[in-house]
Amino acid sequence: MKKITACFAFVTFSTICAQEISHPKEPIRKEIVINEFSKPAEYQGNINGFRNEFMKLFRGEKIHAQGKVQSEALLTISEEGNVTDIKIVGDNPSMNKEMERVIKIMSKNKWTPALFDGKPIKSKFRLPISMIVEN
């Protein structure tokens, strides 16, 4: 009886503590991200032009909140200067939606791509926005 109990305990313990081997459902893509540039990607009219255009198109009245709200736009700029990926991160859905609307309009304009060793490369651009909403 002691052998059966010990065997049962061993099988149960090894099953509980065993690691599960998972196989990825999608192939893993290897992508090189370079964080240092000879020259970063630039919107037409430089970063100030980007900010001015963003604020001209942004409609604060569409934000449903009280107090401080924050969101962040994460863009990928291709080697050709196109915006290829837009991700908006933030706690307020109305702010996220408005930021995405504005960025999509602005992404129709080409950027000057980032340069590394004189060659255009894919790069990331981050735009954090913070505002205080008062009624």
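For the single chain, residues carry numbers from 1 onward in sequence order.
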Decide side chain to side chain donor-acceptor pair (under 3.5 Å) for Lys124 and Thr76; before the verdict, give the C-alpha distance in whole Å, the side-chain angles of both, and the deciding distance to 0.1 Å.
CA-CA 5 Å; Lys124 304 281 184 182; Thr76 301; 3.1 Å; yes
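- When every heavy atom of Gly90 is checked against every heavy atom of Ser71, the shortest pair comes out as CA-OG, 3.8 Å.
- A donor-acceptor distance shorter than 3.5 angstrom exists from the side chain of Asn92 to the backbone of His64, with no hydrogens or angles considered.
- Ser107 places a side-chain heavy atom less than 4.5 Å from the side chain of Ile86.
- Across Lys62 and Ser94, no two heavy atoms sit closer than the pair O-CB, 3.6 Å.
- The nearest pair of heavy atoms linking Lys122 to Glu79 is N-CG, 3.6 Å.
- Looking at Leu74 and Val89, their side chains come closer than 4.5 Å, going by heavy atoms from C-beta outward.
- In Asp91, the CG atom is not crowded: 12 or fewer heavy atoms of neighbouring residues, nucleotides or ligands sit closer than 6.0 Å.
- Contact check for Gln44 versus Glu53: no side-chain heavy atoms found under the 4.5 Å cut-off.
- The CE atom of Met99 sits 4.5 Å away from atom CZ of Phe54, with the distance rounded to the nearest 0.5 Å.
- Between Lys97 and Glu100 there is no salt bridge, since no side-chain N of the basic residue sits under 4.0 Å from a carboxylate O of the acidic one.
- Atom-to-atom distance recorded for Leu75:CG and Asn82:CG is 12.5 Å, nearest 0.5 angstrom.
- A heavy-atom distance below 4.5 Å is found between the side chains of Met95 and Ile129.
- The shortest side-chain heavy-atom distance between Ile77 and Thr84 does not fall under the 4.5 Å cut-off.
- Under the 4.0 Å criterion applied to side-chain N and carboxylate O atoms, Glu98 and Arg59 are not assigned as salt-bridge partners.
- Counting heavy atoms from C-beta on, the side chains of Ile47 and Phe125 come closer than 4.5 Å.
- Ring-plane geometry between Trp111 and Phe50 is classed as tilted, the angle between the planes lying from 30 to 60 degrees on a 0 to 90 degree scale.
- When side chains are defined from C-beta on, Phe58 counts as touching Ile63, because their heavy atoms get closer than 4.5 Å.
- Using a 4.5 Å heavy-atom cutoff, the side chains of Pro120 and Leu115 are in contact.
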